[in-house]
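Worksheet: the structure to be examined is printed underneath.
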Amino acid sequence: MKYLIKIEINDVEFQIHTEASSEREAKDNVWEIIREKTSVKSIETEALAPKDPSLGRKLAEGIRSALLL
């Protein structure tokens, strides 16, 4: 049996045609098609926002500043 499955990603609708013996198999086929047809175009690094210093780091900085006085 032929199935037409519609998916939506970020408000963009896609239609996938597949042949399967059941709706469950058609759904599995869609995930396989998505895995096969999807590729990573690029990976870029972004700086992370600085985290709050840990208690240990705060303690070490406090001791260091106390020793410098």
Legend entry - salt bridge (Lys or Arg N to Asp or Glu O under 4.0 Å) contacts in which one or both residues fall within residues 29-38, not counting sequence neighbours: E32-R35

Inset, instruction - Measure the CD-CD1 distance between E23 and I5 for me, rounded to the nearest 0.5 Å. - result: 8.0 Å

Legend entry - R24: partners by side chain to side chain donor-acceptor pair (under 3.5 Å), with sequence neighbours left out: none

Legend entry - side-chain contact (heavy atoms from CB on, under 4.5 Å) partners for E19, two or more places apart: K2

Inset, instruction - Mind checking side-chain contact (heavy atoms from CB on, under 4.5 Å) for L59 and listing every partner two or more places apart, or none if nothing turns up? - result: I63

Legend entry - All pairs passing salt bridge (Lys or Arg N to Asp or Glu O under 4.0 Å) where residues 3-17 contributes a residue, at least two apart: none

Inset, instruction - Under the side-chain contact (heavy atoms from CB on, under 4.5 Å) rule, collect the residues that match up with A20, sequence neighbours excluded. - result: Y3, E25, A26, N29

Inset, instruction - Could you grab the distance from atom CD1 of I9 to atom OG1 of T38, nearest 0.5 Å is fine? - result: 7.5 Å

Inset, instruction - For E46, enumerate each residue passing the side chain to side chain donor-acceptor pair (under 3.5 Å) test, keeping only those at least two apart in sequence or located in another chain. - result: none

Legend entry - Apart from L4 itself, residues in the same hydrophobic cluster as defined by side-chain heavy atoms under 4.5 Å: none

Legend entry - Inter-residue atom distance I7.CD1 - I33.CD1, 0.5 Å rounding: 9.5 Å

